[in-house]
Number of protein chains: 4
Amino acid sequence: MANKREQILRSAEKIIAQEGIQHLSMQKLADDAKIAAGTIYRYFKDKDQLISELRVNILQSVAAFVFTDARAGNVEQRFKHIWFNFVRLGCDRTPQQLNYQQFYLLPGVNTAEHNAIARETFKPLEDLFTEGIQQHLVLNLQIEYLFSIAFEPAISLGRRIFEGHLHFNQQELQKACDICWHAITYSNHL
Amino acid sequence: MANKREQILRSAEKIIAQEGIQHLSMQKLADDAKIAAGTIYRYFKDKDQLISELRVNILQSVAAFVFTDARAGNVEQRFKHIWFNFVRLGCDRTPQQLNYQQFYLLPGVNTAEHNAIARETFKPLEDLFTEGIQQHLVLNLQIEYLFSIAFEPAISLGRRIFEGHLHFNQQELQKACDICWHAITYSNHL
Amino acid sequence: MANKREQILRSAEKIIAQEGIQHLSMQKLADDAKIAAGTIYRYFKDKDQLISELRVNILQSVAAFVFTDARAGNVEQRFKHIWFNFVRLGCDRTPQQLNYQQFYLLPGVNTAEHNAIARETFKPLEDLFTEGIQQHLVLNLQIEYLFSIAFEPAISLGRRIFEGHLHFNQQELQKACDICWHAITYSNHL
Amino acid sequence: MANKREQILRSAEKIIAQEGIQHLSMQKLADDAKIAAGTIYRYFKDKDQLISELRVNILQSVAAFVFTDARAGNVEQRFKHIWFNFVRLGCDRTPQQLNYQQFYLLPGVNTAEHNAIARETFKPLEDLFTEGIQQHLVLNLQIEYLFSIAFEPAISLGRRIFEGHLHFNQQELQKACDICWHAITYSNHL
DNA sequence: GATGAATGAGCCTTCATTCAT
DNA sequence: AATGAATGAAGGCTCATTCAT
């Protein structure tokens, strides 16, 4: 296979998604990827590096997920699209994909290095806010404030749905989304 | 020592906070607590039970922290007090204390049993929202929505400050707090 | 209690009889004997010595069992009484007593030292054979041959009954007993 | 090495024979077999399975030993051949081999599963007795009685020789063998 | 490149033994 | 004499990593 490296990463994600990171052993990974255990070490220095690469790899697919169909429309429309994507990120993935919760279980996910990559990966979000501010729609706050106030609720709601504490209710979520949008715009400060 | 049990829990918290739960070994824990490995088993049946008790122990200290000085005043005053406590929860912690993020990575944190304890422990929050709803101040939404919209931003901001991406700025945080409060009240829907 | 030593030995036998020697821990022993773990060491140097003493102690009670009601009658009557006691030794004991099988699980049961004690303890058996030989009833063979031919079958049958491969059948056992007696006497060599 | 499995079993037997099963640790076993501790687990799931396989392995080699050169001749000749093999089983063993006594101490030796295997393995013995019964040579007793009366003495004598309480004396043993044979035949009941 | 048998450090846990009280 | 908390060596087992083939 031309892309044995990719295959290993997908097997790793699958195992973590289905059994948890504590059950990811190099042997199980090799079995799932249908290669010998030693072969993994031709592609990854060690387990730490493998997980580190998986982290970045998934971060990018998460970003791709979040920005799905979110390049069109005005700022508000794009915001709301992304907002719902964040919710789905928590509850919608296939059994072979890591969900948000599990992603945060990956070692090293909160290191300075990873955060820099994360910031770069989610640059489009920053741009969206910047655009909103320039259009005098969005409050002129630091991006961290805007993200915390507007998107953290979406992530949190997704997780609660995934954990079963909440059902996915389009109408109620729409309302929550509206609230979050209004919270960071001038519309409610007139 | 009467509180060797407590000492073990604090060492466990410290190791998890500094190195991650994957590096919590009974030997390392014993070394840190300056006791013999076998001694841990006089106080805890096994590693699972130790972590389980740590979970509840931290949950309670988090609750105590969040509700500090938050029993007086009207609904809005109490809300804002708690909101700031959530921020401080994230950024005031010593390197020896688990942060919110790490706490969620503890095994068993999402079991039915734990959730029941968590719900009971944070009952005052529920009561606050209920009171606000009865006074026609707060939007009549499920508690999960209210919490996600109003408090997750506070937690998130605390973490960002802790991680150094943001400075603690009383004025800006006050503004964010106002936004969160308005977001879940009728005041912005007049 | 005046005889705490005896109490400890009885608790040890009980635990071994009910749970097997691999489950005899000093703590469990102390709990059963209702004393502190450290107290055992006032009576026994260490666990090895405790078991060693238990071995001899039980050997003597086994001997007492084997010779029960076997002091009266002629040589044949005494032989047959003892023969049946050997069978019962294998299958008849209370749940708090070690059976033959379990006894042989005690470490050190086959050491030279123990065998000397065993020989001394079972001296009456030797005397019985000697008496039989002097009366020209029993074949003039070394005691080891006589014991092996006449009593090992009884021990073995007792074990088979205990293990459930055989039922206790008085009539059949009587026949086997007769066979063993005849085997070592001149009666079948006329 | 093709038979590393065999090598592990032989080391296990040796350690049990020389030190007792309570001293068989996986580390000691690995050291004796000159392999790493972890390697054992490539061949055996765990210690239980290792001992279980050792049990069957030894059972079969014991059977092979007992039936050596014992397929020819009439019933009496075959019986006596086997009888002497049982004696030699006890006294010919090297210090690296388990004796009968030790074999019976192996955990699981009395499970239903093991007994089925044992019975199957020693089927030729059963057949021998059956043949003798059909020829009206051997008493019509259950096989357990016949075995206990006729062969247990041989095993016991072998052990006594091994332990040094008796010397191997062909003439005396021949006499004992005759006694055992007569004991279970009609010859002494005419 | 690929294999997978072998390694051995490290994990969690038990328990005989000690010793301050 | 008696206690029982504390010890720490040793046990069974796992698994990331190496290396001869």
Which nucleotides of DNA chain E pair, in dot-bracket form (Watson-Crick or G-U under 3.5 Å, | meaning another strand): .||||||||||||||||||||
Whole angstrom value for the distance that separates P of E:dA16 from OH of C:Tyr41: 6 Å
Whether B:Gln97 side chain and B:Thr94 backbone form a donor-acceptor pair below 3.5 Å: yes
Length of the line joining A:Lys45:NZ and F:dT18:C1', which is rounded to integer Å: 14 Å
Geometric cation-pi criterion, C:Arg159 with D:Tyr104: 6.0 Å, 45°: yes
Nucleotide of E:dT7, F:dA6, E:dT13 approaching D:Thr39 most closely (side-chain heavy atoms): E:dT7
Closest-nucleotide 5' rank along DNA chain F - winner of A:Gly38 and C:Gly38: C:Gly38
Minimum side-chain heavy-atom gap C:Leu9-C:Phe44 below 4.5 Å: yes
Separation of atom NZ in C:Lys47 from atom C1' in F:dA10, rounded to whole Å: 14 Å
Nearest-angstrom distance from the residue atom CG of D:Leu50 to P of F:dG11: 15 Å
Inter-residue atom distance D:Leu59.CG - D:Thr121.OG1, 0.5 Å rounding: 4.5 Å
Straight-line distance of D:Leu29 CG to D:Ile8 CD1, nearest 0.5 Å: 6.5 Å
Side chain of C:Arg42 (C-beta onward), nearest among F:dA6, E:dG1, F:dA2: F:dA2
Trace of the side chain to side chain donor-acceptor pair (under 3.5 Å) decision for C:Gln7 with C:Asn3: CA-CA 6 Å; C:Gln7 166 64 18; C:Asn3 221 338; over 6 Å; no
Protein-nucleotide distance (D:Phe44, atom CZ; F:dT14, atom P), rounded to Å: 15 Å
Rounded distance in Å - NZ (B:Lys4) to P (F:dG4): 16 Å
B:Tyr43 OH - E:dT13 P separation (whole Å): 18 Å
Side chain proximity check, B:Arg10 to B:Gln96, heavy atoms < 4.5 angstrom: no
Spacing of NZ belonging to B:Lys4 relative to CD1 belonging to B:Ile35, to within rounding of 0.5 Å: 6.5 Å
Atom pair distance, as rounded to whole Å: CD1 in B:Ile51 and C1' in E:dC11: 13 Å
From E:dT13, F:dA6, E:dA2, nucleotide with atom closest to B:Asp46 side chain: E:dT13
Nucleic acid contacts of residues 22-37 of chain C, taken as heavy-atom distances under 4.0 Å to DNA chain E: C:Leu24, C:Ser25, C:Met26
Test item: C:Leu50 and C:Tyr43 side chains (from C-beta on) under 4.5 Å apart, heavy atoms: no
